[in-house]
Structure formats: C-alpha cells, structure tokens
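What follows is a short report on a single structure.
Note that ligands are numbered from 1 as they come in the structure, with each ligand's atoms numbered from 1 the same way. Note that the coordinates shown come from a computational prediction; the quantities given were computed from them, not determined experimentally.
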Amino acid sequence: MLNFVDVDLYIEKIKLSDIAKKYGTAVFVYSKKKIVDNFANYKKALNKKKGLICFACKANSNGKILEILAKLGAGADTTSGGEIFRCLKAGFSASKIVYAGVGKTSEEIEYALKNKILMFNVESLEELDTINNIAAKLKAKAKIAFRINPHVDPDTHQNIATGKKGTKFGIDYNEAVEAYDYAKTKKNIIISGIHFHIGSQILDIRPYEAAAQKIQKIILQLQKNGIKIEYVNIGGGLGIAYEKWQEYLLPHELAETVLPIFDKNKKIIFEPGRSIIADAGHLLSKVIYRKFSGEKNFIIVDAGMNDLVRPALYGSYHEIVPIKKSNINNKIKTDIVGPICESGDFMGKDRTLSLLEQGDFLLIKNTGAYGFAMSSQYNSRPMLPEVLVDKDKATLIRKRGTFKDLLLNEV
Ligand SMILES: *Cc1c(COP(=O)(O)O)cnc(C)c1O
C-alpha cells in the first residue's frame with residue numbers, strides 16, 4: 001500500500017510527509033487495507049473448511065487493529081492474561097480465543113476459564129494439572145489441546161525457532177500420546193485439539209510439512225486409543241519478504257500442502273501474527289544528524305532500539321527508504337542508527353541511500369509486527385504514537401507518550 005506519486009511516498013491515499021507534519025516523528029503508520037487483504041488471504045486459504053484464523057496478537061496488540069480483525073471474523077491467539085483481556089475488550093468472541101504459553105499462572109488460567117475461552121494450548125503436564133484443579137474449583141470444564149514440539153528445524157533465527165528439539169516449548173513429540181492418555185483421566189479437562197507452532201519468519205514449506213506429518217501420526221495413534229481430536233492447530237510463523245529478493249510462502253500454499261495431511265473433517269486453526277500485520281505497518285522517522293566517523297557514514301534518526309528492537313535483537317533487516325524521491329544521483333553508503341546509548345542501536349547497516357539533509361524523513365518498512373509490541377521506554381523515551389490510514393483518512397490510534405507517563409506507577 002506504499003507508492004510514489006511524483007516525488008512523494010504515499011501510504012494508501014495519504015502522503016507520509018503529511019503524517020510526519022501532523023503527528024510528529026517517530027511514529028508507526030499502518031494501512032488498514034493491507035491488514036484486510038492479508039486476512040482475506042487466510043480466509044481464502046481456509047477455503048470454506050471449518051476452522052478459525054486466530055490472529056497472534058502478540059505481534060501487534062493495538063486495540064483498533066484488534067478491532068479490525070475481530071470485525072473480519074478473526075479469532076485470537078493469546079499468550080497471557082493481559083492479551084486475553086485486550087482481545088475481549090477489542091470485541092473478539094471468547095469462543096474464538098486460544099491461549100498458549102509455557103508459563104501460564106494460576107491467576108491467568110482462572111481468568112481464562114471464567115471468560116470461557118475456546119481452549120488452552122497446554123505446554124506441560126504440570127500445567128495440565130493446574131488447569132484441571134482450577135477448573136474443578138470453578139466447577140468448569142477446560143478445553144485443551146497439547147502443544148506438541150515436533151522436533152523440526154524451521155531454519156530461522158534461533159530466538160524464534162520454537163519447534164526444535166531442546167527448546168522450551170510444548171510437549172516432546174515422543175511423549176505426546178502418553179500426555180493425552182493422562183489428560184483423559186482428568187475430570188475437568190475436555191480434549192479438543194492438537195497444536196504445533198514451529199517458529200516464526202519461516203520461508204520454507206518443508207518444516208511445516210514435516211511437522212504436520214508427525215502430528216498426523218500422533219492423531220492416528222490417539223484415535224486407536226479412543227481419543228478424538230476435533231481441532232488441528234497448525235500455528236503461525238509464515239514469513240514475509242523483509243528483503244525484496246526473498247521468496248516467501250502465501251497462506252494458500254501452506255494450506256494446500258499441509259491441510260491434506262489431515263482428515264478432511266478436522267477443524268483447522270491458523271495462528272498468523274507476522275504475516276497479517278508486518279507489511280501493513282511502517283516506522284516513520286526523521287534524520288536528526290549526519291556524521292562521518294571511523295571512515296563510516298552515520299545517519300542518526302529519532303527512532304531507536306527501544307522503538308524497534310528487531311535489528312538489535314535478531315539482526316533483522318528492514319528496508320529503509322526516503323519518503324521523497326531525490327533528483328540528486330549522489331548516493332552514499334551509510335549506517336542508520338538511533339539515539340540510544342548502545343552500540344547495538346541500529347536500524348540498518350551499510351545501506352546505500354541518496355544524500356539526505358537534516359530534517360528529512362526515512363521510512364523503516366515492514367515494522368507492523370513485533371515493532372510497537374516489543375517497544376519499551378528504555379533511555380526514558382516515551383512510547384511512540386500509532387496512526388491508522390484508511391484510504392484518505394488518517395486516525396491516531398495511540399497517542400504519543402509523555403514525560404509524565406514515564407513516572408506512571410512509580411511510588
Ligand atoms: C508467536 C506465535 C504465533 C505467531 O507467530 P508469527 O510468526 O507472528 O505468525 C502463533 N502461535 C503461537 C503459539 C505463537 O507463540
């Protein structure tokens with residue numbers, strides 16, 4: 001939804017320089033149409049099959065964005081009590097909320113049960129016991145799926161590979177059947193599904209296929225043991241092309257390969273986060289200073305690793321482009337860095353950009369997922385605002401934080 005008209009870069013029908021003027025920088029900007037289109041791709045992939053598309057709201061939990069997805073019929077994939085709270089507030093039906101996470105506390109479990117969420121994606125037997133006990137106390141039944149760690153390597157950054165042997169996630173693939181047999185003995189547990197989520201920013205179909213085949217084997221064994229699985233939850237993890245040349249998978253490609261592995265009457269759950277929201281959002285920032293030091297060019301912008309931690313945390317790449325086309329052919333190689341007192345605080349390294357002036361604007365692209373959501377007030381920098389663009393209308397969906405906010409809750 002980004003395109004140049006003459007020399008100006010637009011998001012939908014709004015000039016990005018107008019957003020910078022009106023809301024200041026740095027600021028996260030989202031395209032509603034892109035969110036709607038990305039969700040529609042999943043709907044098509046489900047292709048009238050019964051199931052749910054549960055947005056992994058940890059990727060971006062702004063209430064207005066959640067509201068858009070809830071209205072489109074999405075469910076929510078949550079990882080904490082706070083996320084369940086946000087999703088209910090944003091209008092998601094509790095019957096479409098699934099809840100994963102290795103460390104659910106008793107308080108969170110009770111909150112989820114009282115709100116009657118669709119199911120818990122259970123990651124250990126101790127967690128199962130806790131859920132069963134709390135459900136008994138509340139005279140409720142808890143619907144569960146076990147999250148299975150299928151031991152596949154999705155070939156992504158080690159911090160976001162979750163289905164490999166030796167990660168903290170899920171129940172070991174070899175112990176899955178036993179776990180279900182155990183769950184069957186629990187009075188306040190209803191076995192509803194099976195879940196796997198092997199990682200994030202996955203660009204290759206093979207790990208999905210390998211994981212799905214292993215999960216299907218477990219389902220068949222469970223059937224023999226008299227345990228019926230209603231939902232197969234294949235997690236999220238589809239990657240996007242952060243670099244233009246990258247090949248990535250579309251939801252329908254994932255569906256066409258993976259869904260036929262399972263019995264056709266199974267209900268399917270997708271849990272996309274990044275592939276719904278990453279390329280719908282961008283971080284607009286301003287050049288504060290330029291300098292040449294140690295035989296390198298540096299452009300210092302007003303967005304830092306507290307606003308966008310992905311480059312520092314995962315060494316991840318985000319395309320960075322000026323929002324005005326320059327007719328100067330003179331290009332320089334430069335690092336684009338933030339103002340934070342850490343050498344790891346960079347937005348991009350060794351980029352080739354046309355010469356920029358102080359006060360020019362740069363767009364750090366595809367930062368809608370794990371951008372604002374992972375931001376902090378480190379260096380006592382107030383949280384950034386967020387703006388949602390719908391055609392020719394821009395709406396502030398989060399105010400810029402203030403200095404006063406920095407003191408909030410301090411006693
Ligand atoms: C984070 C997460 C997702 C979403 O991952 P993406 O890579 O953003 O699609 C889905 N399911 C679970 C359990 C997760 O933890």
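Aromatic rings from His318 and Tyr242 are positioned such that their centres are separated by under 6.0 Å. Within the 6.0 Å centre-distance limit, the rings of Tyr42 and Phe270 are counted as a close aromatic pair.
Residues Ile194 and Tyr180 form a side-chain contact, since some pair of their non-hydrogen atoms from C-beta on lies under 4.5 Å apart. Residues Phe346 and Met305 fail the side-chain proximity criterion, which asks for heavy atoms closer than 4.5 Å.
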When you pair each N or O of ligand 1 with protein N or O atoms, which pairs come out under 3.5 Å?
residue: ligand 1; atom: 7 (O); partner: Ser200; partner atom: OG; Å: 2.3
residue: ligand 1; atom: 7 (O); partner: Gly237; partner atom: N; Å: 3.4
residue: ligand 1; atom: 8 (O); partner: Arg274; partner atom: N; Å: 2.7
residue: ligand 1; atom: 8 (O); partner: Tyr370; partner atom: OH; Å: 2.6
residue: ligand 1; atom: 9 (O); partner: Gly237; partner atom: N; Å: 2.8
residue: ligand 1; atom: 9 (O); partner: Gly273; partner atom: N; Å: 2.9
residue: ligand 1; atom: 11 (N); partner: Asp77; partner atom: OD2; Å: 3.1
residue: ligand 1; atom: 11 (N); partner: His197; partner atom: ND1; Å: 3.4
residue: ligand 1; atom: 11 (N); partner: Glu271; partner atom: OE1; Å: 2.6
residue: ligand 1; atom: 15 (O); partner: Lys58; partner atom: NZ; Å: 2.7

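A donor-acceptor contact under 3.5 angstrom links the side chains of Tyr182 and Lys186, judged on distance only.
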- Message: side-chain hydrogen bond (donor to acceptor under 3.5 Å, both in side chains) for Asp172 and His151? Distances and angles first, verdict last.
- Response: CA-CA 8 Å; Asp172 193 290; His151 298 177; 3.3 Å; yes

